[in-house]
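Below is one structure; the comments refer to it alone.
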2 protein chains.
Amino acid sequence: MRIGELAARAGTTTRTLRYYESRGLLSARRTGNGYRTYDESDLKLLRQIRTLQDFGFDLEETRPFVECLRAGHPEGDSCPASLQVYRRKLDELDALIGELRAVRAKVGEQLARAESARDGLAADAAAPGGPEPVCELGGEPR
Amino acid sequence: MRIGELAARAGTTTRTLRYYESRGLLSARRTGNGYRTYDESDLKLLRQIRTLQDFGFDLEETRPFVECLRAGHPEGDSCPASLQVYRRKLDELDALIGELRAVRAKVGEQLARAESARDGLAADAAAPGGPEPVCELGGEPR
DNA sequence: CCTTGCCTTGACGCCGACGTCAAGGCTTAC
DNA sequence: GTAAGCCTTGACGTCGGCGTCAAGGCAAGG
């Protein structure tokens, strides 16, 4: 099949396929007139890349999977290098999720504080004296 | 104070401050020789921006906080527009965290599947008999 | 023959938040 | 006077993953 069909079947664009080729992730045979041709194995490879991309892997991280498939393995993750990428990605995800939860907690705190400050503005103004009763909600949302 | 000192006190660079100014987030008086000058309120404003940036807010999202401070409010989040940004960010974070957890689960699954496939492979190889039982486990695409 | 619809390579555009270099001016210290 | 260390504006570079032209070639149908 030619590039347009492959792109359509993989749910992407020809531009993307040429880009992958430029990055050395996808290769193509050529017909007499210079057109790229692909077969089912290329589609499989492409789908592997797209799946990983959907998971948030960047292109370079898909390379081991691609090479694994090219080496004749049944799946892109049939090779140790691919498993390593999985593991690294899991660590990254855990770290990122942790950071995001910490940020979420802080932003939640800020919101609560700011809201109670607004609510408490009248109360504070009415009750002078004590040091800022600034909302001790240590509560974690979620 | 001049731009270098402000940058140092805020833990950032002069380039960043000029960039903020170009984006209309930070303003500066000028001395006779054209140098920018800042005061403590500018530092406060800048720190507000940096804090939000650390939380992952993009620059545009800090604008309401900046305008709130400029309007004379004691805190950048003393204004409704800022609270709205907080709420939007909380929603975004929740959504993002949810997606990441879903991805984490899927990647974890893939890893487990691939690892057990490898284990199975070894077992198959160790077992004398069939010639090349190359992995019929898991989901075949297509 | 002409249009339509594929395909080719090449190259610039985009986004965000700056980094980095260029070329030059002011001030202060020695 | 001259070097050091600030400052100025302007402009191009970075990173990823493509989008979007531009200019042209090839194949098939009417």
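Numbers restart at 1 for each chain; the letters A, B, ... are given by sequence-line order, proteins then strands. Computed over heavy atoms, backbone and side chain alike; hydrogens, waters and symmetry mates excluded. Since the model is a prediction, treat every value here as computed from it, not as a measurement.
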#### Entry: Presence of Arg23(B) side-chain N/O under 4.0 Å of dA17(C) phosphate oxygens OP1/OP2
no
### Query
Does the distance from a Lys or Arg side-chain N to an Asp or Glu carboxylate O, for Arg18(B) and Glu21(B), drop under 4.0 Å?
no
### Query
Atom CZ of Arg50(B) to atom P of dA17(C): distance rounded to whole Å?
10 Å
### Query
Taking atom P of dC7(C) as reference, at what distance in whole Å does atom CE of Met1(A) sit?
12 Å
### Message
Rounded to whole Å, please give me the gap between CG in Leu46(B) and C1' in dA17(C).
### Response
14 Å
### Under 4.0 angstrom between Thr16(B) side-chain N/O and dG19(C) OP1 or OP2
yes
#### Entry: Atom pair distance, as rounded to whole Å: CZ in Arg63(A) and P in dG16(D)
12 Å
#### Entry: Side chain of Gln53(B) - closest among dC7(C), dC7(D), dA17(C)
dA17(C)
### Task
Send over the distance from Tyr19(A) OH to dC15(D) P, rounded to a whole Å.
11 Å
### Message
With a cut-off of less than 4.0 Å, is there a side-chain N or O of Arg18(B) near OP1 or OP2 of dT8(D)?
### Response
yes
### Query
Between Asn33(B) (CG) and dG5(D) (C1'), how many Å, whole number?
14 Å
### Query
Between Ser27(A) and Asp42(A), what is the shortest heavy-atom contact and its length?
O-OD1, 3.9 Å
### Message
If I take atom CG in residue Leu17(B) and atom C1' in nucleotide dC7(D), what distance separates them, rounded to the nearest angstrom?
### Response
13 Å
### Query
Quick one: which of dT8(C), dT8(D), dC7(D) gets closest to the side chain of Arg2(B)?
dC7(D)
### Query
To the nearest Å, how far apart are Ile3(A) CD1 and dG25(D) P?
20 Å
### Query
So, Lys89(A) and Glu92(A), do they make that salt bridge, N to O below 4.0 Å?
yes
## Note on the structure
Closest to the side chain of Arg30(B), out of dC7(C), dC18(C), dT8(D), is dT8(D)
### Summary
Residue pair Glu21(B)/Phe57(A) against DNA chain D: nearer the 5' end by closest nucleotide is Glu21(B)
### Task
Taking only Lys NZ, Arg NE, NH1 and NH2, and the carboxylate oxygens of Asp or Glu, determine whether Glu40(B) and Lys44(B) approach each other closer than 4.0 Å.
no
### Query
Choosing from dT27(C), dT8(D), dA11(C), which nucleotide comes nearest the side chain of Arg15(A)?
dA11(C)
#### Entry: For the student: nearest non-hydrogen atoms of Arg50(B) and Gly11(B), plus distance
NH1-O, 4.5 Å
## Note on the structure
Closest of dC18(C), dC26(D), dG17(D) to the Asp58(A) side chain is dG17(D)
### Message
Let's see if you can work this out: which of dC18(C), dC7(C), dG19(D) has an atom nearest to the side-chain heavy atoms of Thr13(A)?
### Response
dG19(D)
### Query
For DNA chain C, whose closest nucleotide is more 5', that of Tyr35(B) or that of Thr12(B)?
Thr12(B)
